[in-house]
Amino acid sequence: MHDFKFKRQELYCEDVKVADVAQAAGTPFYLYSYNTLVDHFTKIQRAFAKINPTICFAMKANDNLAVLKTLADQGAGFDIVSMGELRKALTIKADPQKIVFASVGKTEAEIVFALTTGILFFNVESVPELEEINRIAQKMGKVAPVALRINPDVEAATHNFITTGTLKNKFGIDLKSTHQLLKSRKKYPNILINGLHIHIGSQIVTSAPFIKAVKKVIGFIAALRAEGIGLEYLDIGGGLGIIYKDEKPQTAQNFADAVLPYLEQTGLKIVMEPGRFIVGNAGIFVTKVLYLKDNGFKKFLIVDGGMNDLIRPSLYNAYHEIVPVKKSRGKPVTVDVVGPICESGDFFGKERVLPALKKGDLLAVMSAGAYGYVMSSNYNVRCRVPEILVKGKEFAVTKERETYEDLMRGESIPEFLNIS
Ligand code: LLP
């Protein structure tokens, strides 16, 4: 379900006309639906109610403060990967006991900050990292709670760049080494290893790879238990896929029906880290047609948004549906929808059939709520666009469009260039 629908030929987000937002804020911009965020979050919550998991929204997917606050108010915790994300979570007064911290490269400053904050646990990805956290915790007179991220060596059918659970990837610790680590855990007096973590990839549309990974973990947990090694948490990561085009992803309920029996077998408290599932279809990117170009071979629709604003098509060849914000009966034409950036990879969609559009018409790039704004950049000295949240009839700019002053802040010409 999402709350971007056409009423009388006009695209609405909840009860707000998208064209009205464009009028007020200018283009391009990201637009998020409060109702959709809440709906997706509660779908997971309800589907897994039986085991009452801690649902830590993977804020790398969308770190807008208003989005985070919306989810925290529904009971969400956060899966973070950096000092910046932790600061944002604390800014909206997230409960530290619902924060888990992944990343293969945590710095000393980040570890100190997270220990001071008192997060639920670190998801640790290597032995050197465990040694480092132990050393820092010792210095601070603390015991660091840790879940070991295991690499279950399970292939998830998704894009190469976003599969993470095989030994070809940099993530997690292999099962044998994890076992060794747990056996020698007394070597780390300032660490409490109280959980295991898996995350096998992103945009996974079937439950089979999850089940395969969880089954491996169940066997492993049982073996550990037999050796007297008890744990408290199993963090099953994120990765639930959504519909971009014609995917038929499982619903939260189907997913829960399939994996719940296995999760229950673990006897552990469950943590989940969904990102895309919650926010992906809760956001769109709105851009305006600047020019129509026909080079005799191909037609291009040149818009004011670029790959610096939404890089998924360029980076992963990802498909995002593109729709005119106002439906028209114009004769359909096949076009490439491209941005103004000096790269051939700067496109939102290729060979799309759209009604004939003209300069000034608005287009919505759908399903852009996850890994959209967060992956944007200032490439070509372009200001990052605003993020706007709709709730019912209301909307508000939750992050302002950047200014050129923002872009040049901190830059200076060194003295030695000023010799005349
Ligand atoms: N937990 C961990 C440890 C992760 O690395 C990720 C995503 C998640 C949870 C959330 O996964 P999700 O539920 O959103 O699939 N930029 C790429 C996606 C990268 C995903 C990175 N890790 C894209 O635009 O498709």
Side-chain angles (χ1 to χ4, degrees), residues 30 37 40-41 43-44 53-63 67 71 76-82 85 99-106 120-126 129 147-152 156-166 169-173 195-207 209-210 213 234-245 247 249-250 252 255 270-283 285 307 309-320 348 365-377:
Y30 277 93
L37 289 169
H40 290 173
F41 182 78
K43 275 195 172 124
I44 299 188
T54 303
I55 305 172
C56 295
F57 172 62
M59 64 183 276
K60 62 176 81 64
N62 188 315
D63 60 32
V67 169
L71 296 173
F78 297 100
D79 159 37
I80 61 155
V81 289
S82 70
E85 289 194 350
I99 294 179
V100 293
F101 188 178
S103 153
V104 293
K106 302 176 187 79
L120 182 61
F121 53 75
F122 292 88
N123 283 319
V124 166
E125 310 231 11
S126 67
E129 183 193 331
L148 297 177
R149 175 163 180 182
I150 55 178
N151 186 321
T158 185
H159 191 281
N160 250 343
F161 286 6
I162 53 177
T163 181
T164 50
T166 80
N169 311 115
K170 67 178 175 182
F171 300 102
I173 310 171
L196 296 177
H197 174 224
I198 48 173
H199 171 75
I200 55 174
S202 198
Q203 184 55 13
I204 303 169
V205 289
T206 63
S207 50
F210 287 104
L234 173 62
D235 180 342
I236 60 166
L240 278 179
I242 61 164
I243 303 174
Y244 284 101
K245 188 182 187 184
E247 297 90 342
Q250 57 209 327
F255 178 59
I270 302 296
V271 175
M272 307 174 68
E273 304 171 344
R276 192 189 314 263
F277 183 88
I278 293 173
V279 81
N281 281 321
F285 177 71
M307 66 189 277
D309 300 311
L310 174 64
I311 203 173
R312 301 194 71 257
S314 316
L315 193 57
Y316 313 114
N317 210 13
Y319 181 94
H320 286 261
F348 292 120
V365 182
M366 306 303 286
S367 316
Y371 307 105
Y373 185 89
V374 288
M375 291 179 81
S376 64
S377 77

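Both ligands and their constituent atoms are indexed starting at 1 by order of listing.
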Peer 1: Under a heavy-atom criterion of less than 4.0 Å, does G239 contact ligand 1?
Peer 2: yes

Peer 1: Relative to each other, are the rings of H40 and F277 parallel, tilted or perpendicular (30° and 60° limits)?
Peer 2: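 Rings of H40 and F277: tilted, 30 to 60°.
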
Peer 1: Quick one: which ligand 1 atoms are inside 4.0 Å of a heavy atom on G275?
Peer 2: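 Per the distance check, 12 (P), 13 (O), 14 (O).
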
Peer 1: Salt bridge between D79 and K60, side-chain N to carboxylate O under 4.0 Å?
Peer 2: yes

Peer 1: Only heavy atoms of A58, strictly under 4.0 Å: list the atoms of ligand 1 that pass.
Peer 2: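 Those qualifying, in numeric order: 8 (C), 9 (C), 10 (C).
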
Peer 1: Would you say the side chain of I243 lies within less than 4.5 Å of the side chain of S367, judging by non-hydrogen atoms?
Peer 2: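 No. Closest side-chain heavy atoms not under 4.5 Å.
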
Peer 1: Taking only non-hydrogen atoms of F277, do any sit less than 4.0 angstrom from ligand 1?
Peer 2: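 It does not; every heavy atom stays at 4.0 Å or beyond.
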
Peer 1: When the ring planes of F285 and Y30 are compared, do they come out parallel, tilted or perpendicular, using 30° and 60° as the limits?
Peer 2: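 Geometry flag for Y30 against F285: tilted rings.
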
Peer 1: Can you check whether Y316 has an N/O within less than 3.5 Å of an N/O in ligand 1?
Peer 2: yes

Peer 1: If the cut-off is 4.0 Å to any non-hydrogen atom of M375, which atoms of ligand 1 fall inside it?
Peer 2: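 Atoms satisfying the 4.0 Å criterion: 16 (N).
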
Peer 1: Determine whether any heavy atom of A61 lies closer than 4.0 Å to an atom of ligand 1.
Peer 2: no

Peer 1: When only distance counts, is R149 in polar contact with ligand 1, meaning an N/O pair under 3.5 Å?
Peer 2: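 Between R149 and ligand 1 (N or O atoms, distance only) the closest approach is not under 3.5 Å.
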
Peer 1: Just to be sure I read this right, does ligand 1 sit under 4.0 Å from the backbone of D79, its side chain, both, or neither, counting only heavy atoms?
Peer 2: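 Under 4.0 Å from ligand 1, D79 contributes side-chain atoms alone.
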
